[in-house]
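Accompanying notes for the structure given below.
The residues of the chain are indexed from 1 along the displayed sequence. In this text the structure is predicted, and so the values were computed from the model without any measurement.
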Amino acid sequence: MSLFVPVFLPMLGALALVALRRHRPLRDAALVAVGVLNLLVLTIILLDRGGGEVQVLAEIIPGLSLAFHVEPLGLVFAMTSGVLWPLTSIYAISYLRAGNDPHQTRFHALFCVAIGSAMGIALAENLFTLFLFYETLTFSTWPLVTHSRTREAVLAGRIYLGVLLLTSLMFLLFAIVLVGNFGESLSFTPGGVLGDVSPGLSALLLVLFTFGIGKTAIMPFHRWLPNAMVAPAPVSALLHAVAVVKAGVFTILKVCVYIFGFDLMNDIGLRDALIWIAALTILLASAIAMRQDDIKARLAYSTVSQLSYIVLGALMANSYALVGSAMHITMHAFGKITLFFCAGAIMVFSGRKYVSEMDGLGRSMPWTFGAFLVASLSIAGLPPSGGLWSKWYLALGALELDQVALLAVLMISSLLNVYYLVSIPVRAFFLPARAGEAGPLENRPAMVIPLVVTAAVSFLLFFAAGELQHLLAGLTREVAS
């Protein structure tokens, strides 16, 4: 199966949606069909991953090509996004119809381009290819952030575009140019491509990559993410679970494994300082999330915190941390998309967006708040949910480094997760409702079914984590060798 298909099929789907814009039922059916077809293609690639050959689309100049390649880390990211895309499409169709949105075709078409960009990042064979799709993802999601065209949305879009372009053009692009000049190649290579560079240059490169990959939302380059919460709930799901931030943390993992290599990573003295910046981001973002009454703002700062778990694992540079970080891409994706689906459903069904307004609402929206509870347990890393295993391996990675303080950071953050996430369904189910409020509110199955499915997957991943670990076994063998 050609690796070009999952990259460009969603983009061709975007053109089809524009062509079908006057036939809404057919357009919506085509949107879901393209997502399902893309998932089928990814499944074939997953089953045939033993081939592993590089597929070159175009050679720009000698040594600089637009090329794709399959490896375990990319498959985890691609499959996670591929599974979530059709579910998000079904949810988005109902969500936009509920609000009588006049620009549904534009929304869905840009969403398709964003998914294609994420696939390009996941399957990129080299830094040049990854950078092209990384920037395409930024530009395709910016209009989605500003979709409502309100003053607040336009300002959020400026911050979104400004921060992501600033970090990528000033830091990330500079780092890629340095790798091209001083490394063996721009290709992602087991063991890395920077074997002969000086300690000072390797430290500089690690700083440039860590802060240049702005989609990781590591502090202080995190403000774009909470500001983007003015976007519709399906966009928030795209930003937090399906594509954008996952593209960031995937990129930092890929760079640490295939550009630096763990042997070099462990020799960079400045790495410890970056590790603690990630750890502080985990704690500070969690503390800020606790103070947010707006449910989407609370979830946004939760994402800032959770992303730094993956950055932390990449920087710890050992096999346990690598498995934990890679698994957390999937575990967090299903948990966080469920939470944003639930937040959107709460806003559509009840008109409420503040946590303080949700007392007793669970009895009118049992499916929504039940799913919220399951997803909250996964984000916090509590059984029986998939999030337990990713945090377990990250904890083992901290112990591998003899960093008990990092283990304490992970444990404290998980306790904070319980406080600011699990408390929401608890108050919705157990506190008294407002006077005169009763009766079911979940009257749009196309919005309820996706959040129930993603919550169920968060639960099932507790039992299926071994399959994900098996997929990553090839990656850990590469690191060990």
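For the side chain to side chain contact (heavy atoms under 4.5 Å, CB included) test with S302, the passing option among L307, L339, I379 is I379; the others fail.
Taking T141 as the reference, Y160 meet the side-chain hydrogen bond (donor to acceptor under 3.5 Å, both in side chains) condition, with sequence neighbours excluded. By the salt bridge (Lys or Arg N to Asp or Glu O under 4.0 Å) test, R427 pairs with D359, sequence neighbours left out. Residues meeting the salt bridge (Lys or Arg N to Asp or Glu O under 4.0 Å) test with R97, sequence neighbours left out: D28.
A donor-acceptor pair under 3.5 Å links the side-chain atoms of S325 to the main chain of I310, judged by distance alone. Side-chain atoms of R363 come within 3.5 Å of backbone atoms of F429 as a donor-acceptor pair (strictly under, hydrogens ignored). Remark: the backbone N or O of Y301 is not paired with any side-chain donor or acceptor of Q292 at under 3.5 angstrom. Between the side chain of S378 and the backbone N or O of S385, no donor-acceptor pair lies under 3.5 Å. Side chain of S187 to main chain of T189: no donor-acceptor pair is present (N/O by atom type, distance under 3.5 Å, no hydrogens or angles).
For T338 and T454, the side-chain atoms include at least one donor-acceptor pair closer than 3.5 Å.
Environment of CH2 in W389: sparse, with no more than 12 heavy atoms of neighbouring residues, nucleotides or ligands closer than 6.0 Å.
Taking the ring axis of Y134 as reference, the NZ or CZ atom of K215 stays within 45° of it and closer than 6.0 Å to the ring centre.
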